Each structure stands twice: as structure tokens, then as C-alpha cells.
Amino acid sequence: MERYNPKVIEPKWQQIWEDQKAFVAVDDSSKQKFYISCMFPYPSGVGMHVGHAFEHFIVDAIARFHRQHGENVLNPMGWDSFGLPAENYAIKTGTAPSLTTKTNIANFKKQLAILGVGIDWTRELNTSDPEYYKWTQWIFTKFFERGLAYQKESLQWWCPVDKTVLANEQVEGGHCWRCGSVVEKKSMKQWFFKITDYADDLLNDIEDLDWPQKIKTAQTNWIGKSQGAEIEFKLEGSDESITVFSTRPDTIFGATFLVLAPEHELSKTLAVGDFKEFTESYIKTAVKKSEIERTNDTKEKTGVFTGSYAINPVSNEKVPVWVADYVLGGYGTGAVMGVPAHDERDFAFAEKYNLPIIQVVQPETGKPQENPEYRKSIVAIVRDPKTNKYLSINWGADLGGNLFVGGGREENEDIVETAIREIAEETGYTNIQLISKTDTIHHNYFAHSKNVARRIEANALLFELIDDTKINTALEANEQGKFTVEWLSEKEIVAKVRDELHATSFDLLVGGKIYHGEGILVNSGEFDGMPSSEAREKIVDWLTEKKLGHTQTTYKMRDWLISRQRYWGAPIPIIHCAEHGAVAVPEKDLPVVLPEIEDYAPKGDGKSALARATDWVNTTCPECGGPALRETDTMDGYACSSWYLLRYADPNNTENAWSREKVDYWSPVNYYVGGDHAVAHLLYVRFWTHVFYDMGLVGFKEPVKKLIYHGLIGAEDGRKMSKSLGNTVDPIDIINQGYGTDALRTYELFMGPIEIDADWSSKGIAGSYRFLNRVWTLSQEYINSNDKSVTKNDNAIRVAQHKTIRKVTDNFRRLSFNTAISALMEYVNDLYKFKVDGFSDEGWHEALVTLVQLIAPFAPHISDELWSQLGGEGLVQNAQWPVWDEALIIEETITIAVQVNGKLRGEISIGKDEAEADVKAKALAHENVVKFLTGEPKKVIYVAGRLVSIVA
RNA sequence: GGGCGAGUGGCGGAAUCGGUAGACGCGCUAGACUCAAAAUCUGGUUCUAGCAAUAGAGUGGGGGUUCAAGUCCCCCCUCGCCCACCA
């Protein structure tokens, strides 16, 4: 009998698949298509580790599953080959990036073949191939025509090591995403794609995507839509004005200063007299500061007064204009109104620089009720400075839990006196001193005891205990014995005091919190007494009428900066003419081919090495034929990857980027599989497709129907798997150790749910190998058996077989590969038990053929081998996936549990159609159940086919 | 600070609807085969007590709903990830 030897059967079947073109997808619109793709890889020099392989295994298993269902499956592959590593390697060694890329791709292809991944190589694409980037450039010129690609001088992130600008998405915590060095700001003329034009569109369509919620949330937050108003503040003694953006125009009467970002254009010009020098030097250092420095200093705000004043448009008060780096240049208008009473940042700034603080919103808690009864009251918080604990009254869970001392106040009664009286009456403490108190807090609630809605005006007061002198408490009749007095720590208070009014009181007096919620306007002229939400609209209406403001929607997302001062990318197809400015290269002259050069290193002059290829740079203007210069910046690699999913549908089209017919057949992608990129790539690819839709190039807006976001495989040491840590595992090594790729694939898909991170285990793979070995041995024993006459277990085998088909199919559909594989292991374990009685031709052949078909998505080589040994026609993937028969799964007798008072006390065996009364009687008669019953059971519950629950 | 997610044996994990918690695999362990080892096969393996039948405890902690809770509700703790001065 032959032993299971993956080293023989795996190459054998890989060759057969290749010879038969088993994975070539044919453009046949009469068939149901299924398009799946991983996020195409960057072909790095070090090849793939088992973590990368994992992604391909997921894709391949799903692709094979769908082929087995007779669908027309497209699983393509391509190379995201532009980028820094190849260029940096070229700078170091002088080897052209095009050459290293070629070598690396060959290596990746070899690895994928050995892994047994079924790819349609006739559709292979490569972003650094001129045949591909010709169309990337063509798309650029179309965007340029539509005003979606534009050039602008602006401050940009600059990586001093890689000597290039970076997109916002490529700056991670103030560091370059590639080399990790601290990024700087630099002002340069740059190319942008106007993604902000599509902000609303992209935001609205997120909801309907079948994508993981965390990715959808990340994109929503990234787009960061917020609604508010732009408000104009006139500068004193000048025609100029400053426009601020605020989401809280209702607080404008509390705006006691303005703050400009250091990058704001007025920052430099506004400073007057003695303030000029300070302001200029502040701006200089602030702009130079790295992002980390600026975000690290969150506690300590800095800024300078410009010496200029503006006029608050509603109050006509003079407010000073400051420059401070806590205001961001790139968001909103780069200027804000400082409302220290209702914004934590403005408050911190105002405190430091002694700016006036005017409260304009009185807090309101609880939900307003209809026809409330009006009352006045106090909330009194007492702190014991010796223990740092707070006096609390515990009313018990039914009466509201922990509160502070509180009580009603008569119309003319003094607030402080009321509080002191209530403290003495309820707790007995008398020797206290007032520390601080709040303004009015409005509170709405329903007094269930009196069955009345109430709206109260409360004041909260904070006292300190001088000593614990106490008098007898003087409780009202309805309070006696209802509560206990407790001293609680700050932490306990936060945890236990649930009442909104009392919790807010504590936050304001002790927590030092600034109230930024909704409430009732005060100190706001004609708007006094209005709820803040209503005032928000009324004030903007008023400003609009006076032409001093208007509603405004703002996004956190900025336009996508795409120019890179690097060599190894797609050249931006633009020619600069002295007369005609920036002119797009006409379609007939595309592609603008990247010239071969000697020295790839950027020199830090803000230009790519391309700028030194003078023969290439000097050209003629397409408009006038006069001398002109080529754009020397190249495109961000994300541009290349924003349309490749469409190109796969029509990869060899030399006339167009794609034909709409083919793209509309294959697209959108049914499953897009990846474990990287939450925002950047996945937002850009959506953006481009939306634009293509508007251009009439595609018939859909969203390129990816379902996104499968898998977890990452960590190293055995629990750390991230990376070449620099020296803990990577090469899948080819594992295969060569004798396990084979089938065992590797099965193991990686068995480790856990695909969306969960998991660490590699060198021992775990042995278990998967053992499983496949058992499958092999069982099949060989069946095939070589001389006596196949035993029919004893045929029925039981059939039950196991159909149960397994059902479970594997169900689990596969919800991409629960680990449980699908465990069901197959159980099935094999069952067959081993049946085996001891011998084999039958009928039951066993069917059982083994089914097994081979079910393991095929995971372990395709062994299954094709056994399929052919068992007499199957062609390849497993072309045979129809087995179907289970529900009728065969029903067993004649089943075992169910019997519980007494919720505890398992025994098991009984019942027939499949046994009547409920009989089952209950059987349960009650069970020996062990009788022991736990004292007399008649109160209740007997039968859950069909599962258990009997007896209440004693 | 904000958002999202997760806590189940020695380990990875299972339990799709509230219905026998720990499937399946790893590891460990006993046995069979072997001169021996590897490989393979068979059994055991949540914890505590007991020779055993069995009993008690048990899904991060506390409370609740229910005949029945890993699963539902309330509170707390811990860990992970992402975003983070966005006015």
C-alpha cells in the first residue's frame, strides 16, 4: 500500500491543473459569475511568509468551493510593484527597479504555484508595466479634464529620509509609514485628487456595504462630516474679517477671543506693534514643530496675542485675536471662536492667558416633560478634606440609589442657607464651609411617588467639612429610615451616583468639567431662555440675514495628495508650457514611459531623480508645439491600485482601459479579501469607481460587494511576524519538511475564525497532516480491500455522511472554515470506527467520494488524487458539490437530557416520533431523577429532541 | 479622551435560536504494535472529593430575568485594536 506522500502528489496535480488550464476564467456572460480577489501584493524581495499565504488560502478555498458549485469563477493575480523598497534597493545597489521587480514577481509566482493556489494567470497584471500605467495615466488626464486633478501650493507632510511628500493617510502618529522617521511640514506645489467632491457620496453609500463594521466606522470617521456654521468676525479698524467655523453657533455670545492657526494667512499680517516680533517667531516654531510635538503637548496650550481685535458680530464686544497651534490650519477655516465656558480646549487656553469666561448655556438634564410643575432646589456636595471622601445619601436601589444631599428651596430662600439647612437636617453635620457653587442647572424628571412631572432649577454647591460636629438630624416623616449616610471616594461617587442632575453637579464642581452639552441660553441678548438646540438655528438665521454667516458642512477628509518626488512610480502625464500652463499629455502619446536612469537617489531638492533626466524632461507643448517641460513627480502607488480590480475583467485590452461590457459582467467583486488597509486603499478604490460611474465607464458605484477582513498570523513568539525580527516562517520550508501544502492550508484555515489574529504553531500543523494521512490511509485500505461485502454499518455511515455534508456546507457559507474542518475530522473519526467491521462497496464508496469532495477546497491535491483513485471523472472541482438529504439525517433513536431544577440528572433514550407524554413519563421514571424528586413535580417541560426539564 | 472588539481547560478554539459547556485539534497521559525508537492505532484528559457509581463547583467579577443563561438585561474589572486638540 502506498503511503501518503505530498511530495509526489502535489507537484503531479499542480502540473495537471496547469496543463488543463483549470483556473482560466472565460468571459461567458451566460454563466453565473463569481469574482474573488485578494488585495494584490507588493512583490517584495523576501517573498511570502505563512501569514501572507493565509490570505491566498482563504481566497483559493472560497474560489474552489464556488467552482464546485458550477459557477464561472474569476480569481486573478497582479502586482502592486511601484513603490519605495524597490527604489531604495536601486539607490543602494544601482540595480534598476524594473529588474528587481521582475525577479521578485517570478519568485512570488513560483511560491503561489507550490502553495497550490488556483489563479488565472492569463489575467496577470503589473502596475509598473507601461501597458498598465498607460491607463493609470489616461485616468489621470480624464480626472484633470473634469477638474478632479489639480495643482496647489500647500504645506505638506515631508519625510526627510525618503525625501518625498506623503498623503495624510501615510502619516502614522507623526511618523512616515514606510521608514518610521519623524515627518516635517514643507510648502510645495503638489498634485491633488479632489476626493472631497465625493465626500457625501462616499459617506452615504457606506451604510449599504457588506463590509465589517469596524472598517465602515473607520471610513465614516475618516470622512468626518460635521455640520455647523461659518461666522464672520470683522477686524477692528479694518475692512478685513476672520471667518471661523463652529458646530456650536449657539454659544457665540460666549466667544471672548478668536484663535488663528499658525498656518492661517492672516496670522502673519495681523500682528501689530510690539506683538509683531513675538507672533512671527511663534508661527515659525509652531509650523516647524513636528506633528508629534504638537499633539504631545495636549496638556499645555501655547499661543500669542497678535495685538489685533475683532468684533463679536452678535454682542459687538471687542475680542482679542490670538494665534495658537491647538487650532489646525487644514480643518474648517483654520480659525475658531474661543468659547471658554463651553469648550475644554478654549477653557484651558483662557485660564492660562487670563481671558474672560462668560457662561452662555445653563445645563439642562433629563428629558423635558409635558406640563411640569416648577420647583427650585439645591444639590449639596460635602467633601471631608481629611479623607477626601464625599457625603452621600443612599436611598436604596428602588429610590434612586446614591445621591447627594438635596432639597427644595422656597422662592426667596437663600441658596447657601438652604444647602446648610438641608445638610444639617439630613446628615447632622453643621461645621462646614462653602467652597464653590454652580449657576442654575435645569432638570426634568418624573416624580413617581407624587405622580407628577417636574422641572426644577437647581444650584449645586460644594462644601468642605471643618470638623465632624454633629447635631441630631431632623428628618421629615417620609424620610425616616429610608436612607443611610455614606462617605464615598471620588471613584465610588462616579460609579454609584446615577442621577443625571447629581452626577452633572459633581462633574462641574469636583470633576472640573466644562459643560458642553445642551441647555438654556443666558447672557445671550434676545436669545436668553431659548433651548440651545433651537438657538443654534435661530442665531445662524440671524447671522445669515445680516450676511455675517451661514450654515456650513465641514469634513475632516482633505483632498488626496498624489504627487511623489520619487522615481519608481507612474509619471504624472502633464507637460508644463510657459504659455499654456499645465497641459495633459494627449491619449495618443500615452504612456509617458519612465526613462531608464543611472542614479536613482533624490537629492533633497524636493524633486525626484527624474528631474535630472534632461532628455526626457525637455519636450514640446501638445498645444503649441513650443518648448516645454515634463512634470517630474510620479503618482502615489494608491492611484495604481485604485482601478486594478476593473482591469482584471479585461486585462489585455490595448484600445481602452477596459470594455464596459466585460467589467459589468464580472464586477463588482463578490468577495474582496484582505487584512490591511482600513481607510486609504479601500476609500480610494471606492472614490475612483464613483467617478467612473459618473463618467459612464461602469454601471455601478461600489466596486466591492463584500469585504472579508481576515486576522493576521503572528509569529510563534507572539510578536508580529517580520523579517527584521527574524521570526518569519516560510511556507515553502514547511512544505519541504514533508507536510505538504495541503496540510499547511488545512492547518491555517483550522487555527481559528479567519477574522481573528492567531499565532503560528509549529506543532499544530502536525495535527492537520495526521488528519490528511488518516484520510489517505482509509481510502487506500478501502481500495485495496479484497472483501467488500459487509453492509452492517451502511445506514449509520449514510447518516454521518449526510450530516457532514450539511455541516460543512453551512459552515462554509458563513466562512467558518475551522468548524467545517472539525466536522470533517469527526466524520473521519466515525469512519475509522465503522472500519473495524470491514468495508462494503455501496456505503463506503459513496462515503469516501463525498469526503474527498468536501475536503477539496482545503486540500485540493490529495482530493484530486483520491478522486481519480476512486474512479472519479476529471477534476474534483468540476464535479457537483454533494447535496445532503434531510430525510437521511434523522436517527431512529436519540438520547436526550433530563434536568431537575436546572441540573443535569440523567439521559434517556427515545424514539424519533415518541409522544411528549411518553417522553415525560420516561424522564420521571429515570432512576437518578427519582432520587432528586420529593413528591409531585411542579412542572415538566419538554423541549422536542433536546431535553426534559423538571421543576421539583 | 473618543470609537470598536474580546475575556470559556495547560494551549488554539467550539457551542448559528436561551436548551446536556468544553466539539475538533495541540499538548499531556496510559496501553497496543516494536529488541528499541519513530510512525501508526486504541483509551483517558475542566477543577475538587471518591476505587467507583456519583456529588459539588465552573465560561473575567457582582447582581437580575427564566423551568433553563457562555448566550438576554444592569453594574464593575481586565486586555487588545483603531482614531485622537477636527472647534
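Just so you know, these numbers come straight off a predicted model, no measurement behind them. Below, chains carry the letters A, B, ... as their sequence lines are ordered, and counting in each starts from 1.
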Exercise for the section: Select one nucleotide: of B:rA87, B:rG27, B:rU20, the one nearest the side-chain heavy atoms of A:L947. Expected result: B:rU20
Handout entry: Length of the NZ-P vector between A:K763 and B:rC11, whole Å
Key = 14 Å
Exercise for the section: Taking atom types as modelled, find out whether A:T217 and A:T220 have a side-chain donor-acceptor pair closer than 3.5 angstrom. Expected result: no
Exercise for the section: From the options A:Y747, A:F812, A:F750, A:F54, select the one residue that forms a ring-ring contact (aromatic ring centres under 6.0 Å, His included) with A:F817. Expected result: A:F812
Problem - Donor on one side chain, acceptor on other, A:S532 and A:E518, under 3.5 Å - result: yes
Problem - Closest nucleotide among B:rU16, B:rG13, B:rA23 to the A:N811 side chain - result: B:rU16
Exercise for the section: Would you classify A:R905 as touching base, sugar-phosphate or nothing, given that sugar-phosphate means primed atoms plus P, OP1 and OP2, and contacts are heavy atoms under 4.0 Å? Expected result: sugar-phosphate
Handout entry: Same-atom distance (C1') from B:rU59 to B:rA49, integer angstrom
Key = 23 Å
Problem - Nucleotide of B:rG19, B:rC85, B:rG3 approaching A:S949 most closely (side-chain heavy atoms) - result: B:rG19
Handout entry: side-chain N/O A:N221 vs B:rC82 OP1/OP2, d < 4.0 Å
Key = no
Problem - Nearest-angstrom distance, P atom, B:rA21 to B:rU71 - result: 13 Å
Handout entry: Side-chain donor-acceptor contact under 3.5 Å, A:N727 with A:E716
Key = no
Problem - Distance-only donor-acceptor test (3.5 Å): side chain A:K938, base B:rC67 - result: no
Handout entry: Interatomic distance where CD1 belongs to A:I514 and C1' belongs to B:rC85 [whole Å]
Key = 15 Å
Practice task
Under 4.0 Å between any heavy atoms, over every strand shown, what does A:E826 touch: base, sugar-phosphate, or nothing? Just pick one.
Solution key: sugar-phosphate
Practice task
Give a yes/no on whether any side-chain N or O of A:Y747 is located under 4.0 angstrom from OP1 or OP2 of B:rG25.
Solution key: no
Handout entry: Exercise: do A:E907 and A:T895 side chains pair donor with acceptor under 3.5 Å
Key = no
Practice task
Determine which nucleotide pairs with B:rU71, using a 3.5 Å limit on both distances of a Watson-Crick or G-U wobble pair.
Solution key: none
Handout entry: A:N928 side-chain proximity, nearest of B:rA39, B:rA55, B:rC41
Key = B:rA55
Practice task
With the side chain of A:L904 defined as its heavy atoms from C-beta on, choose the nearest nucleotide among B:rU20, B:rU54, B:rA87.
Solution key: B:rU20
Practice task
In plain terms, say whether A:K216 and A:E207 are close enough for a salt bridge, that is, a side-chain N and a carboxylate O under 4.0 Å apart.
Solution key: no
Problem - P atoms of B:rG64 and B:rA14, separation to the nearest Å - result: 31 Å
Handout entry: NZ or CZ of A:K301 within 45° of A:Y326 ring axis and under 6.0 Å
Key = yes
Exercise for the section: Could you check which of B:rG19, B:rG3, B:rC85 has an atom nearest any side-chain atom of A:V943? Expected result: B:rG19
Exercise for the section: Among B:rA87, B:rU40, B:rG25, find the nucleotide with the atom closest to the side chain of A:V327. Expected result: B:rA87
Problem - Given RNA chain B, 5'-ward residue of the pair A:Y832 and A:I950, judged by closest heavy atom - result: A:Y832
Fill in the blank from the handout: Per nearest nucleotide of RNA chain B, the residue lying toward the 5' end, A:D343 or A:S822, is A:S822
Practice task
Check every strand shown and say whether A:S226 touches a base, only sugar-phosphate, or nothing at a heavy-atom separation below 4.0 Å.
Solution key: sugar-phosphate
Problem - C1' gap between B:rG58 and B:rU46, integer Å - result: 8 Å
Practice task
Using the P atom on both, measure B:rG7 against B:rG12 and round to a whole Å.
Solution key: 12 Å
Fill in the blank from the handout: The glycosidic conformation of B:rG44, counting syn as within 90° of 0 and anti otherwise, is anti
Completion exercise
To the nearest angstrom, the CD1-C1' distance between A:I894 and B:rU20 comes to 13 Å
Completion exercise
Per atom distances to the A:R770 side chain, the nearest of B:rA87, B:rC41, B:rU40 is B:rU40
Problem - Length of the line joining A:D325:CG and B:rC85:P, which is rounded to integer Å - result: 11 Å
Practice task
Report which part of the nucleic acid A:F932 touches: base, sugar-phosphate, or nothing (heavy-atom distance under 4.0 Å, all strands).
Solution key: sugar-phosphate
Exercise for the section: Would you mind reading off the distance between A:K939 atom NZ and B:rU66 atom P, rounded to a whole angstrom? Expected result: 10 Å
Handout entry: Spacing between A:W222 atom CH2 and B:rC82 atom P, to the nearest angstrom
Key = 14 Å
Exercise for the section: Assign A:N829 to base, sugar-phosphate, or nothing according to its heavy-atom contacts below 4.0 angstrom with the strands shown. Expected result: sugar-phosphate
Practice task
State which of B:rG19, B:rC24, B:rC26 makes the closest approach to the side chain of A:M825.
Solution key: B:rC24
Completion exercise
Quick note, A:I756 side chain, CB onward, closest among B:rU20, B:rG13, B:rG19 is B:rG13
Practice task
Sticking with atom C1', work out how far B:rG62 lies from B:rA52, rounded to a whole angstrom.
Solution key: 38 Å
Exercise for the section: Could you tell me the separation between the NZ atom of A:K903 and the C1' atom of B:rC67, rounded to a whole number of Å? Expected result: 13 Å
Problem - Nearest-Å distance for atom pair OH/C1', residues A:Y555 and B:rA87 - result: 17 Å
Exercise for the section: Kindly say if A:R774 contacts the phosphate of B:rU42, meaning a side-chain N or O under 4.0 Å from OP1 or OP2. Expected result: yes
Fill in the blank from the handout: Assigned chi class of B:rC17 under the 90° convention is syn
Handout entry: Polar side chain donor-acceptor pair, A:D507 to A:Y515, under 3.5 angstrom
Key = no
